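Taking it in order: structure first as structure tokens, then the write-up.
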2 protein chains.
Amino acid sequence: MLKNRVKELRARFSYTQGVLGEKVGVTRQTIGFIEKGEFSPSITLSLKLAHVLECKVDELFWLEEEE
Amino acid sequence: MLKNRVKELRARFSYTQGVLGEKVGVTRQTIGFIEKGEFSPSITLSLKLAHVLECKVDELFWLEEEE
DNA sequence: ACATTATGTTAAGTATACATTACATTATGT
DNA sequence: ACATAATGTAATGTATACTTAACATAATGT
């Protein structure tokens, strides 16, 4: 199962979903879906998010065992 | 533009495209397309590839300026 | 030379990432 | 209390990741 720290890091920079979306080229809804874990973004978008949030992709996203 | 080191690391482990595909749950064609840079895989698949190829996602994939 | 395995590539179909629009709810500030 | 900004969420549409099947060529081993 895919987990992420987008919401946490976005808050650290005080970016709204809309602002973060603009910075990486997607809509605020897309950011919302990613934060909720509703889909697995492309590596291209993931790299952009990691860049803007100043971290490594591996620190932003990781896989956890299911239940 | 998205670049990657999949082919290079796959060779290092002497995996065929088919074997690598099996290990991460996709077909050999998908591995071939990724190596050619024909599409941007999901972060889920990227994490699995990095795990099997024993590296970080950021070392496997990166963005470069155009043309 | 032959068989076998790995790779390149193309076409057509399915699944899903992401956009757009819209409306409701929850902050935040005055 | 009111206005405004931020978020949740759902419906429908489009782009693209990924599959399946097929055939061709290159590489490797006997």
Side-chain angles (χ1 to χ4, degrees):
Chain A
M1 188 187 198
L2 183 66
K3 299 282 190 172
N4 76 82
R5 236 185 284 277
V6 173
K7 189 166 190 171
E8 172 193 339
L9 291 182
R10 178 171 64 80
R12 186 173 305 173
F13 286 88
S14 298
Y15 293 149
T16 66
Q17 292 180 341
V19 167
L20 178 56
E22 271 175 26
K23 285 179 184 289
V24 299
V26 298
T27 63
R28 70 171 185 84
Q29 285 86 341
T30 294
I31 301 296
F33 281 134
I34 292 171
E35 289 184 353
K36 283 186 65 186
E38 297 213 355
F39 58 61
S40 176
S42 69
I43 182 65
T44 297
L45 177 52
S46 303
L47 285 163
K48 289 178 184 172
L49 284 168
H51 181 250
V52 168
L53 297 176
E54 297 179 17
C55 66
K56 297 288 183 185
V57 172
D58 302 80
E59 294 162 5
L60 240 199
F61 296 95
W62 66 95
L63 293 172
E64 270 184 17
E65 306 312 317
E66 285 295 340
E67 55 257 51
Chain B
M1 187 189 201
L2 183 66
K3 299 280 190 175
N4 76 83
R5 235 185 284 278
V6 173
K7 189 168 190 170
E8 173 193 340
L9 290 181
R10 177 172 65 78
R12 186 172 305 174
F13 286 88
S14 298
Y15 292 149
T16 66
Q17 292 181 340
V19 166
L20 178 56
E22 272 176 24
K23 286 179 184 289
V24 299
V26 298
T27 64
R28 72 170 184 85
Q29 285 89 338
T30 294
I31 300 296
F33 281 134
I34 292 172
E35 288 183 355
K36 282 187 65 189
E38 297 214 356
F39 57 60
S40 176
S42 68
I43 182 66
T44 297
L45 176 52
S46 304
L47 285 163
K48 289 178 183 172
L49 285 168
H51 181 249
V52 167
L53 297 175
E54 297 179 17
C55 66
K56 296 290 182 185
V57 171
D58 302 80
E59 295 162 5
L60 239 198
F61 296 95
W62 65 96
L63 293 173
E64 267 183 21
E65 305 314 314
E66 281 301 336
E67 78 260 66

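Everything numeric here is computed off the predicted structure, so don't read it as measured data. Each chain gets a letter, A, B and so on, in the order its sequence line appears, and its residues count up from 1.
- Side-chain atoms of B/Glu8 do not come within 3.5 Å of backbone N or O of B/Arg5 as any donor-acceptor pair.
- Distance alone, capped at 3.5 Å, places no donor-acceptor pair between the A/Ser42 side chain and the B/Ser40 backbone.
- Between B/Phe39 and B/Leu2, the closest side-chain pair of non-hydrogen atoms is not below 4.5 Å.
- Here the P atom of nucleotide C/dA17 and the CD1 atom of A/Ile34 are 10 Å apart, to the nearest Å.
- Using a 4.5 Å heavy-atom threshold, the side chains of B/Phe61 and B/Ile43 count as separate.
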Could I get a table of every N or O pair under 3.5 Å where one atom is in the protein and the other is in nucleotides 8-11 of chain D?
unit_1	atom_1	unit_2	atom_2	d
D/dG8	OP1	A/Lys7	NZ	3.4
D/dG8	OP2	A/Gln17	NE2	2.8
D/dG8	N7	A/Arg28	NH1	3.4
D/dG8	O6	A/Arg28	NH2	2.6
D/dT9	OP2	A/Lys36	NZ	3.0

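- Residue A/Gly25 is classed as a sugar-phosphate contact, given heavy-atom separations below 4.0 Å to backbone atoms only.
- Here the side chains of A/Gln17 and A/Leu20 are not in contact, with every heavy-atom distance at 4.5 Å or above.
- Side-chain contact between B/Val24 and B/Thr30 is absent, with no heavy-atom pair separated by less than 4.5 Å.
- Contact annotation: the side chain of A/Thr16 never approaches that of A/Arg28 to less than 4.5 Å [non-hydrogen atoms, C-beta and beyond].
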Seminar exercise, completed: Its dot-bracket string being built from Watson-Crick and G-U pairs below 3.5 Å, with | for another strand and [ ] for crossing, DNA chain C has the pattern ||||||||||||||||||||||||||||||
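- Using a distance-only test at 3.5 Å, with no hydrogens or angles considered, a donor-acceptor pair links the side chain of A/Arg10 to the main chain of A/Tyr15.
- B/Ile31 has its CD1 atom 14 Å from the P atom of D/dT20, to the nearest Å.
- With rounding to the nearest 0.5 Å, the separation of NZ in B/Lys23 from NE2 in B/His51 is 10.5 Å.
- When hydrophobic clusters are built by joining Ile, Leu, Val, Met, Phe, Trp and Tyr residues whose side-chain heavy atoms come closer than 4.5 Å, directly or via intermediates, A/Trp62 is not grouped with B/Leu49.
- Minimum atom distance to the side chain of B/Val26 is reached by D/dC18, of the listed C/dT7, C/dA19, D/dC18.
- Look at B/Thr30 and you'll find a side-chain N or O under 4.0 angstrom from OP1 or OP2 of D/dT19.
- Interatomic distance, A/Asp58 CG to B/Glu59 CD, rounded to the nearest 0.5 Å: 8.0 Å.
- A heavy atom lying under 4.0 Å from DNA chain C marks the following residues of residues 39-51 of chain A, by number: A/Phe39, A/Ser40, A/Pro41, A/Ser42, A/Leu45.
- Atom CD in B/Glu22 sits roughly 14 Å away from atom P in C/dT5 (whole-Å rounding).
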